[in-house]
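Remember, it's a predicted structure, so these values are computed and weren't measured experimentally.
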2 protein chains.
Amino acid sequence: MEPEHSDVTTDVAEHMPGACQAVSSILSRVGDKWTVLVVMMLADGPMRFNELKRKIGGVSQRMLTLTLRGLERDGFVSRTMFPTIPPRVDYELTPLGQSLRVPIGELGNWAFEHIGVVVEARAAFDARGIEE
Amino acid sequence: MEPEHSDVTTDVAEHMPGACQAVSSILSRVGDKWTVLVVMMLADGPMRFNELKRKIGGVSQRMLTLTLRGLERDGFVSRTMFPTIPPRVDYELTPLGQSLRVPIGELGNWAFEHIGVVVEARAAFDARGIEE
DNA sequence: CGGTATCCAGGAAGATACTG
DNA sequence: CAGTATCTTCCTGGATACCG
């Protein structure tokens, strides 16, 4: 921990005009339904489309395509086509995608560690709502 | 790489049956449009509804209410009513909310540091799409 | 196999108006 | 001031069917 970036707090809270939107656009990509799952799946190496689809489970072809396109557009994932028959397409994390794994991994771990408390809080909140 | 994976990677990637959904629900809360902004705003201490609304800017009354309700439900934010006239309501981060600031701060910083590369990647991707 | 195209349902989100 | 209620629009995401 360098004293370089003082605290987590203020670095982002500062209202830079345009940057805020860009940061927000990255955040909402992470928050979407399948992105994190896909990134985690690709952590161990390249994977083919249907392989990815099977491993994730519950994702539609359309959504997986859209998710991968989004990740590719942002430079997190690279797409390699092999013009064989049948065709084969590999998806792989770029170095940028790899580096993204760190913060979302931390967030994932935080979520995992605090699920219990959150679920309890939700139940308590909902219970309060009923008897009023 | 130890065989003992203390690494960020696999901890979450493991498919625990129910936990995955709960983690995902937390992730999508973080990814929504206003949550992170609100949490960052409340970092420095309690704030009133309209104060929050002004500082954020561009958020509708309705969306701010919904966001705060969501955060309150999950136990990230506490809501304190003062039955004065005019009424006054303070929102404040709970200890749980405070602890959430760490991982989302890291994610925010990551995003902030990599905006440039991502924006470039998007432009390159979009440019590729035009001339084909 | 690895997509794209199309259609449709449901939720997210903004604008506006009203209330304690 | 701090909301709720309502209406409308937009976007997300699933199902299905078809193409190279």
Contact summary for [X] and [Y], nearest pair of heavy atoms:
X	Y	value
A:Lys53	A:Gln61	CE-N, 3.7 Å
B:Leu107	A:Pro103	CD1-CB, 3.7 Å
B:Val39	B:Ile104	CG1-CD1, 3.8 Å
A:Pro46	A:Asp90	CB-OD2, 4.2 Å
B:Val59	B:Met63	CG2-CB, 3.9 Å
A:Arg101	A:Ala43	NE-CB, 3.6 Å

Are A:Met81 and A:Val77 linked, directly or through other ILVMFWY residues, by side chains that come within less than 4.5 angstrom of each other?
-> yes
Report the distance from atom [atom1] of [X] to atom [atom2] of [N], rounded to the nearest whole Å.
X	N	atom1	atom2	result
A:Arg88	C:dC1	CZ	P	12 Å
B:Lys53	C:dG14	NZ	C1'	12 Å
A:Asp90	C:dC1	CG	P	14 Å

Would you sort out whether A:Leu68 and A:Arg79 count as a side-chain contact (heavy atoms from CB on, under 4.5 Å), showing the intermediate values?
-> CA-CA 9 Å; A:Leu68 287 168; A:Arg79 179 175 180 275; over 6 Å; no
First contact, last contact: which nucleotides of DNA chain D are these for chain B, 5' to 3', heavy-atom distance under 4.0 Å?
-> D:dC1 to D:dT6
Could you walk me through whether A:Thr65 and A:Phe49 pass side-chain contact (heavy atoms from CB on, under 4.5 Å), step by step?
-> CA-CA 9 Å; A:Thr65 302; A:Phe49 185 88; 3.6 Å; yes
Atom pairs, protein N/O to nucleotides 17-20 of chain C N/O, distance under 3.5 Å:
none

Between the main-chain N or O of A:Ser99 and the side-chain N or O of B:Trp110, is there a donor-acceptor pair closer than 3.5 Å?
-> yes
May I ask you to decide if A:Gly31's main-chain N or O and A:Ser28's side chain share a donor-acceptor pair within less than 3.5 Å?
-> no
Would one find more than 12 heavy atoms of other residues, nucleotides or ligands at under 6.0 Å from atom CD of B:Glu51?
-> yes
Review item, nucleotides 6-13 of chain C N/O atoms under 3.5 Å of protein N/O:
unit_1, atom_1, unit_2, atom_2, d
C:dA13, N7, B:Arg62, NH2, 2.6

What are the residues of residues 68-86 of chain A, sorted by number, that bring a heavy atom to within less than 4.0 Å of DNA chain C?
-> A:Arg69, A:Arg79, A:Pro86
side-chain contact (heavy atoms from CB on, under 4.5 Å) between B:Phe112 and A:Ile26, intermediate numbers included = CA-CA 9 Å; B:Phe112 193 75; A:Ile26 293 179; over 6 Å; no
If we only count heavy atoms from C-beta on, is the A:Leu64 to A:Val38 side-chain gap below 4.5 Å?
-> yes
Counting only Watson-Crick and G-U wobble pairs with both atom distances below 3.5 Å, the stems of 3 or more consecutive pairs that include DNA chain D are C:1-20 with D:1-20
Which pairs pass salt bridge (Lys or Arg N to Asp or Glu O under 4.0 Å) with one or both residues in residues 64-78 of chain B, sequence neighbours excluded?
-> A:Arg122-B:Asp74, A:Asp126-B:Arg73, B:Arg29-B:Asp74, B:Arg69-B:Glu72
